J.: 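Handing you a structure now.
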Amino acid sequence: MSDKGKKIEAGVAAVKVLESWGVKHVYGIPAGSLNSWMDALNKEKESIQFIQVRHEEVGALAASMHAKFTGEIGVALGSAGPGATHLMNGLYDAREDHVPVLAIIGQRSEREINMDAFQEMNQNPVFADVAVYNRRVAYPEQLPKIIDEAVRTAIAKKGVAAVEVPVDYGWVEIDDTDWYSSANAYRNYLYPAVDEKDIDEAAALLEQAKRPVIYAGIGTRGNGDAVMELSQKLKAPVAVSGINYDTFPHDFEALLGSAYRVSRKPAVEVFDEADVVLFAGSNYPFAEVSDTFKHTKKFIQIDIDPQKLGKRHKTDVAILADAGDAIRAITKKISEKPETSWYRANLNNIKNWKTYTDKLEQKTDGELQFYQVYNAINQVADENALYSVDVGDTTQTSVRHLHLTPKNMWRTSALFATMGNGLPGAIAAKADFPDRQAWNLAGDGAFAMVMQDIVTAVQYELPVINVVFSNTQYGFIKDEQEDTNHDYYGVFFNEVDFAKIAEAQGAVGYTVTEISQLKKVFEKAVEDEKAGRTVLIDVKISRDRPLPAEALKLEPALYSKEEIQAFKERFEAEELEPLSYFLQKEGLESNLQQEK
């Protein structure tokens with residue numbers, strides 16, 4: 001706040017409020033209904049950057065992905081009418097993944113409202129479902145106050161705030177003493193204190209467990225060491241939610257991976273055989289549809305949100321606490337366990353899976369597939385690289401074949417699972433972390449939705465490496481049709497030369513058609529990126545379906561020799577054995593074989 005008697009434009013005051021909350025970038029497209037915002041952003045351009053995207057959906061997705069990469073609020077602009085509605089996909093992505101985003105919505109000037117003016121519409125109802133805060137500014141002096149409240153609410157409620165502003169309000173001069181920011185007063189909720197009684201009950205169940213498994217959800221992010229310490233003390237393998245792979249080093253010996261569609265085989269199999277599951281910091285959305293925990297005898301859940309406790313499975317012990325705090329408390333209570341047959345069987349199952357994925361990644365002949373591309377990425381990527389991963393088969397294969405560690409960040413559109421988030425996310429990641437390498441990994445179907453914004457990365461000198469997996473199909477959807485439909489329909493499309501499209505936008509474009517070309521092209525791409533160039537690598541891969549770990553046909557108790565052999569041949573999986581094989585080698589019985 002400044003001296004009494006001074007004036008400030010309401011729009012400039014609102015932008016200063018954003019600055020006080022740490023906002024560095026605002027994504028959008030200018031428009032007549034946003035022109036006072038453009039004036040204000042121009043006046044404050046030394047402190048906050050407007051990034052002009054080519055589609056408002058990209059702006060909203062970039063704002064959402066910014067929040068996922070940084071934990072801080074993202075901001076996007078949308079003009080009255082079509083600009084506002086174009087934001088929706090990115091805003092729903094933010095809503096579903098519970099990250100804070102502010103959507104600033106343009107509107108005609110006050111005198112034109114309710115007069116059916118050009119592009120004027122009643123926008124508040126449109127945003128009622130997506131937003132935790134949804135307001136139209138009522139008069140100019142209110143503008144900075146409403147922006148402040150919107151940001152505070154979005155952060156506190158981990159959701160979307162939508163603010164509609166008549167364009168003329170931003171130019172009105174208000175007293176410089178009539179506005180302030182509450183950013184300095186904001187405080188995060190304190191974590192609930194760990195209830196020792198609940199910890200004791202959980203520890204008692206784990207002490208008695210014969211086949212324990214830890215399921216580490218996103219709530220354990222930042223606490224990977226604590227989870228691994230408990231795993232090693234308890235001799236319990238660790239499954240993760242699909243969005244939590246970067247919490248653990250890829251070579252952690254007890255890492256099972258995630259279950260169901262975006263999964264690895266060891267995690268899919270383990271829950272059929274486990275007796276006690278420690279379910280920490282997750283709202284696993286496939287629990288009911290996949291019946292993942294049907295064999296579980298005892299279920300221990302840790303969550304910071306009381307609404308989540310008991311949501312996905314009948315819970316024997318519920319712990320309301322930060323997952324890391326609770327896991328450390330449990331670890332102190334349990335005794336060190338000797339290595340068990342259960343633990344060894346799972347370690348050997350993990351090794352068996354790794355043998356399979358290594359074989360696929362390291363192939364040197366045959367058709368170019370997803371897997372060899374990831375091997376090329378692993379060879380050249382910086383150890384702290386950022387990965388913005390689009391939705392589809394790319395999501396599934398990236399969690400199997402990228403060699404992640406806690407030094408990386410892997411982000412996607414998780415629960416909403418919208419295609420087209422990869423490029424906006426990479427742009428946001430590079431804007432937020434200019435000294436770190438940023439990758440966009442996308443299928444050709446998803447990339448085609450947002451490919452026009454390669455020029456945004458070029459224009460703002462945000463060098464990212466875009467890898468487009470081109471197989472002229474919506475692969476993930478095709479896989480679903482194989483499982484449920486009579487035939488394939490609507491899933492194939494024409495080939496596109498994405499390298500030329502990238503070059504036309506000022507980026508460097510490469511096309512790869514053979515495994516032998518990968519090493520040279522990816523090494524050159526990294527050189528280009530480090531020289532400040534945005535790069536696109538169009539890899540023309542096969543139409544092979546990645547192994548459906550959620551629908552394994554390996555268990556002799558469930559499938560014939562002919563079915564098992566056909567499954568192995570199709571997915572190049574001759575070396576894969578079911579978990580029951582490793583249990584039997586350790587002298588243990590399989591639940592599946594007992595049910596036969």
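We're numbering straight along the sequence, starting at 1. Keep in mind it's a predicted model, so treat the numbers as computed, not measured.
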J.: Pair Ile350, Leu255 - check side chain to side chain contact (heavy atoms under 4.5 Å, CB included), show working.
T.: CA-CA 7 Å; Ile350 293 167; Leu255 182 62; 5.6 Å; no

J.: Do Arg436 and Phe433 meet the cation-pi criteria used here (NZ or CZ under 6.0 Å from the six-membered ring centre, within 45° of the axis)?
T.: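 Output yes; distance and angle both within limits.
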
J.: Assess the residue pair Asp432 and Thr70 against the criterion (side-chain hydrogen bond (donor to acceptor under 3.5 Å, both in side chains)); give the C-alpha distance rounded to whole Å, side-chain angles, the decisive distance to 0.1 Å, and a yes or no.
T.: CA-CA 8 Å; Asp432 295 326; Thr70 67; 4.9 Å; no

J.: Main chain of Asn421, side chain of Ser413: is a donor-acceptor contact present, judged purely on distance under 3.5 Å?
T.: no

J.: Going by ring-ring contact (aromatic ring centres under 6.0 Å, His included), name the residues that satisfy it together with Tyr356, two or more places apart in sequence or in a different chain.
T.: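 With sequence neighbours excluded, Tyr356 shows a ring-ring contact (aromatic ring centres under 6.0 Å, His included) to Trp353, given in chain and number order.
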
J.: For Lys158, does the NZ atom have more than 12 heavy-atom neighbours from other residues, nucleotides or ligands under 6.0 Å away?
T.: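 Count not over threshold, so no.
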
J.: Here's one to test your reading of the geometry: is the NZ or CZ of Arg211 within 45 degrees of the ring axis of Tyr343 and under 6.0 Å from its centre?
T.: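 Verdict for Tyr343: no cation-pi partner in Arg211.
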
J.: Classify the ring geometry between His25 and His66 as parallel (under 30°), tilted (30 to 60°) or perpendicular (over 60°).
T.: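 Aromatic pair His25/His66 classed perpendicular.
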
J.: Please determine whether side-chain hydrogen bond (donor to acceptor under 3.5 Å, both in side chains) holds for the pair Thr511 and Asp538, giving the CA-CA distance in whole Å, both sets of side-chain angles, and the decisive distance to 0.1 Å.
T.: CA-CA 5 Å; Thr511 302; Asp538 184 3; 4.6 Å; no

J.: Does Glu461 have any salt bridge (Lys or Arg N to Asp or Glu O under 4.0 Å) partners at least two apart in sequence or in another chain, and if so, which?
T.: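 Partners of Glu461 under the salt bridge (Lys or Arg N to Asp or Glu O under 4.0 Å) test: none.
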
J.: If the plane angle is over 60° it's perpendicular, under 30° parallel, otherwise tilted; pick one for Tyr215 and Phe279.
T.: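 If you compare the ring of Tyr215 with that of Phe279, the planes turn out tilted.
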
J.: When the ring planes of Phe248 and Phe252 are compared, do they come out parallel, tilted or perpendicular, using 30° and 60° as the limits?
T.: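 Rings of Phe248 and Phe252: parallel, as their planes differ by under 30°.
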
J.: Using a 4.5 Å cut-off on heavy atoms from C-beta on, say whether the side chain of Arg54 contacts that of Gln52.
T.: yes

J.: Does either side chain, that of Gln362 or that of Asn375, offer a donor lying less than 3.5 Å from an acceptor on the other one?
T.: no

J.: Could you walk me through whether Trp410 and Thr395 satisfy the side chain to side chain contact (heavy atoms under 4.5 Å, CB included) test, starting with their C-alpha distance in whole Å, then the side-chain angles of each, then the deciding distance to 0.1 Å, before giving a yes or no?
T.: CA-CA 10 Å; Trp410 181 100; Thr395 324; 3.9 Å; yes

J.: How are the rings of Tyr371 and His401 set to each other: parallel, tilted or perpendicular (split at 30° and 60°)?
T.: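 Aromatic pair Tyr371/His401 classed tilted.
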
J.: Parallel under 30°, tilted from 30 to 60°, perpendicular over 60°: which one fits the rings of Phe271 and Phe293?
T.: perpendicular

J.: Could you tell me how the ring of Phe447 sits relative to the ring of Phe498: parallel (under 30°), tilted (30 to 60°) or perpendicular (over 60°)?
T.: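 Ring orientation of Phe447 relative to Phe498: perpendicular.
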
J.: Hydrogens and angles aside, do Lys363 and Gln372 bring a side-chain donor and acceptor to less than 3.5 Å of each other?
T.: no

